[in-house]
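Below: one structure, written as structure tokens.
Just so you know, these numbers use all the heavy atoms, side chains as well, and skip hydrogens, waters and symmetry mates.
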Amino acid sequence: MGRLSLDSPLAISSAPRRCRFFCVSRVAAVSLVLILFALLRDPSLAHYALRLFAQHERVPVSALADFDWQKLSASTSLDWVDCYAGLKCAKYQVPLDYSNPEWEKAQIAMAKIPSKYAQNDTRWRGPILYNIGGPGAGGVGFLLRLGRTFAAIFGDEYDHIGFDPRGTLYRPYRAALSDSRLSPGVGFTTPSLNALPVEAERRSWFDREQRSINSTVDGLGKMFARAKLLGEITSHRAPLAAAYSSTASVARDVLAITKAHGVDKVKYWGGSYGTILGSTLAAMFPDNIERLVLDSVDYAPEYVDVTWLSTMLDADNTLDWFFQSCSASSNCPFHEPTPEAVRERYESVMDNLKRVPVTFQLGDLYGVVDWDLARGVVFSSLYKPFVTFPLLAQALLDLEHGNAAPFSQLSGEDSSLFRCDARSSPYEGPNAIWNEANLAIKCTDGDAVNDTLDQLVNCQAKLYQTSSFADLHSARAMCAGWKIRAKDRFTGPFVGNTSHPILFMNNLHDPVTPRLGAFKMAEGFPGSSVLVVEAPGHGAALVPSLCALKHLRDYMRNGTLPPNGATCPIDRPITYPGDVPLQNLRLQHLSREDLELYNAAKELRETLVGFPRLI
């Protein structure tokens, strides 16, 4: 359902085609080529290329090799141990089936940035639990990457907890963590929803996927057939995990983890699919809500009925920001004097790819950029426009001149260096959230899809009425034929008089969770508020708006809600290399507290490309 990508901050990931063992060298090599190319073309571009290199390259973190989850025993109490250089880790044992608590158990892996106050200190403010999206995104890796940033936003009186929900792909290899950042699609909770356990098998399966169902005449039919087959494989290889990894079960886990801290009411932040989890939590347990922040809101009824008809309503509006920003800046590499002229030039490049794909070869690195790949890259760039639009503009210019390497780099493609002799384990590429766990949770949460191919064609026709990107939206077809059902499903209604109202946040134009969904969801929870940030992209917390971050902080700390429908401006427009930074804020006039919040928000934007989301 939602896809905000956590693993590669500046990759504009285009497809579920990612390696696990040789990505680093390729990404580094191509990035260095981009740096040299940028220096020759325009020295100001080097800053962007250097950031691309620095954030793509896997950073060795020696502390990661020092902790072995396999040696950590699960407990019905929270037995925290030291881990990851200053954090605490635990495995919390919960019933696999809450209706039969004496039966099998699930072990929920958690990491915590502990409060500066002990739990028995009156200044301790309890746990905040986080879910970055997915479904199937791991929270331990998220906390390692961004936990301290959120702690700076909300405060160090809280315990900040990232947990791997049921269904994240289990990765038992301690040594493999010694030189990599944890992928959002890999976790340590069991049972694991891992139906394709061998790397070569997973790579072979997902490499055959098309981004656009229009890239071949039988695109929808192929997806329909493959969906049924993957459902059968999952039912055969991971039936227990698939049946007991539902959103409703995870909601029960969230409440159980909270109560294990001696607290009855939940404090929670969720993005993208995390808003489905949060809405489910609020509807199932309305009397147990203390703070609930839902950012980039999925419309839950469409998640349940697997129609997703409104999910791309604002995708084209989001792309318009690229045309407008590029025409407004003479430093945009793809600049034309009007948005319409930029659009026409962009469409010319894309149309040419339909006829003549562009290749590149740099030593042992090579690749092909075709229309299908390029369309996926452009769509994925809509998630984080303030970071990705400058990179997209340069890549489009290079592609126009016959240089496909930068565009391939943005896609995250790595076929030239994949090796079948890699050790078996879940892959963790820039889009590792795209996996069978994601599909299984979504498809077993939702109503059974028993459509014929003709019915799927009719459904697709309705989607085309909402967005030109509808050919990239295939969630219903992907769930067609899945026979296995979640044992604990919550299908609504998504309503409730919560013990404290909810804060819904959304950008003005979001490519996959339009603000309309936030307002619709808020109607079911009296007293709740929707805050709209006047920006494009997926993630209201990920755009430059101190106003929005202050509302977020005030709500979590004090329970203060903005008026329903309130808006926040952005602090700066989308800029391109060479632009004089235009700040609507005068940083020297900010209070120390606001300056710290501003810096934390900047780190958040530059680290997190978006919430993991699959459509």
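With hydrogens and angles disregarded, a donor-acceptor distance shorter than 3.5 Å links the side chain of Asn288 to the backbone of Asp264. Between the side chain of Asp164 and the backbone N or O of Ala109 there is no donor-acceptor pair closer than 3.5 Å. Counting only distance, with no hydrogens or angles, the side chain of Asn131 and the backbone of Gly133 share a donor-acceptor pair below 3.5 Å. Between the side chain of Ser545 and the backbone N or O of Ala548, at least one donor-acceptor pair lies under 3.5 Å. Between the side chain of Asn599 and the backbone N or O of Leu595 there is at least one donor-acceptor pair closer than 3.5 Å. Judged purely by atom type and a 3.5 angstrom limit, His500 has no side-chain atom pairing as donor or acceptor with the backbone of Lys265. Side-chain atoms of Thr444 do not come within 3.5 Å of backbone N or O of Arg485 as any donor-acceptor pair. Formation of a donor-acceptor pair under 3.5 Å by the Ser380 side chain with backbone atoms of Val377 is not found in this model. Between the side chain of Thr311 and the main chain of Val512, a donor-acceptor pair closer than 3.5 Å is present. Under a 3.5 Å cut-off, the side chain of Thr275 and the backbone N or O of Ser272 do form a donor-acceptor pair.
Looking at Arg489 and Asp445, no side-chain N of the basic residue comes within less than 4.0 Å of a carboxylate O on the acidic one, giving no salt bridge. Using a 4.0 Å cut-off between charged nitrogen and carboxylate oxygen, Arg343 and Asp320 count as a salt-bridge pair. Salt-bridge check for Asp594 with Arg553: passed, with a basic side-chain N closer than 4.0 Å to an acidic carboxylate O.
When side chains are defined from C-beta on, Tyr92 does not count as touching Phe163, because their heavy atoms never get closer than 4.5 Å. The shortest distance between side-chain heavy atoms of Thr466 and Leu309 does not fall below 4.5 Å. Residues Ser381 and Phe322 have side chains not in contact (no heavy-atom distance under 4.5 Å, counting atoms from C-beta outward). Contact annotation: the side chain of Leu456 approaches that of Phe224 to within less than 4.5 Å [non-hydrogen atoms, C-beta and beyond]. Here the side chains of Phe519 and Val532 are in contact, with some heavy-atom distance below 4.5 Å. Counting heavy atoms from C-beta on, the side chains of Cys568 and Glu534 never come closer than 4.5 Å. Looking only at side-chain heavy atoms (C-beta outward), Leu396 and Tyr346 come within less than 4.5 Å of each other. No side-chain heavy atom of Leu531 sits under 4.5 Å from any side-chain heavy atom of Phe504.
For the residue pair Tyr576 and Ser325, a side-chain donor N or O sits within less than 3.5 Å of a side-chain acceptor on the partner. Counted by atom type alone, Asp305 and Thr307 present one or more donor-acceptor pairs between their side chains at under 3.5 Å. Side chain to side chain, Ser467 and Asp316 meet the donor-acceptor criterion of an N or O pair below 3.5 Å. Of the N and O atoms on the side chains of Ser329 and Asp579, at least one donor lies less than 3.5 Å from an acceptor on the other residue. Inspection of the Asp471 and Ser212 side chains reveals an N or O donor paired with an N or O acceptor under 3.5 Å. With hydrogens and angles left out, the side-chain atoms of Trp308 and His473 include no donor and acceptor closer than 3.5 Å.
Of the residues listed (Phe150, Phe154, Tyr555), the one engaging Trp269 in a ring pair (Phe, Tyr, Trp, His ring centres under 6.0 Å) is Phe150, and it is the only one. The only member of Asp510, Asp314, Asp298 that meets salt bridge (charged side-chain N to carboxylate O under 4.0 Å, His left out) when paired with Arg515 is Asp314. With Arg166 as the fixed residue, the side-chain hydrogen bond (donor to acceptor under 3.5 Å, both in side chains) test singles out one of Asp253, Thr247, Thr189: Asp253.
Using cut-offs of 30° and 60° on the angle between ring planes, the pair His261 and Trp124 is parallel.
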For this session: Any chance you could lay out the side-chain contact (heavy atoms from CB on, under 4.5 Å) test for Leu230 and Trp482, step after step, and finish with the verdict?
Result: CA-CA 8 Å; Leu230 185 58; Trp482 280 72; 4.1 Å; yes
For this session: Report the C-alpha distance between Asp159 and Ile128 in whole Å, list the side-chain angles of each, state the deciding distance to 0.1 Å, and finish with yes or no for side-chain contact (heavy atoms from CB on, under 4.5 Å).
Result: CA-CA 6 Å; Asp159 287 333; Ile128 301 175; over 6 Å; no
Exercise. Passes side-chain contact (heavy atoms from CB on, under 4.5 Å), Leu382 versus Phe469? Steps please.
Worked result: CA-CA 11 Å; Leu382 306 181; Phe469 288 102; 4.0 Å; yes
For this session: Let me see the working for Glu157 and Arg557 under side-chain contact (heavy atoms from CB on, under 4.5 Å), right down to the final yes or no.
Result: CA-CA 10 Å; Glu157 307 99 321; Arg557 293 186 62 80; 2.8 Å; yes
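Of all the heavy atoms in Glu290 and Lys267, the pair that sits closest is OE1-NZ, 3.6 Å. For Ala522 against Ser528, the heavy-atom pair with the smallest separation is O-CB, 4.5 Å. Taking each heavy atom of Ala152 and Ala600 in turn, the nearest pair found is CB-CB, 4.0 Å. When all heavy atoms are compared, the tightest approach of Pro536 to Ile574 is CG-CD1, 4.2 Å. Nearest heavy atoms, Ser529 versus Pro562: OG-O, 2.8 Å. Closest heavy-atom contact between Leu294 and Gly278: CD2-CA, 3.8 Å.
Annotation: the span from Lys487 atom NZ to Ser249 atom OG amounts to 11.5 Å, rounded to 0.5 Å. In this structure, CE on Met110 lies 11.5 Å from CG on Leu143, to the nearest 0.5 angstrom. Rounding to the nearest 0.5 Å places OH of Tyr299 at 11.0 Å from OG of Ser279. Residue Phe494 holds its CZ atom at 8.5 Å from OH of Tyr303, rounded to the nearest 0.5 Å. Here the CD1-NZ distance, from Ile257 to Lys112, works out to 12.0 Å after rounding to the nearest 0.5 Å. One distance of note links CG of Leu546 with CG of Leu552; it measures 11.5 Å at 0.5 Å rounding.
Atom CD of Glu593 sits in a sparse spot, with 12 or fewer heavy atoms from other residues, nucleotides or ligands closer than 6.0 Å.
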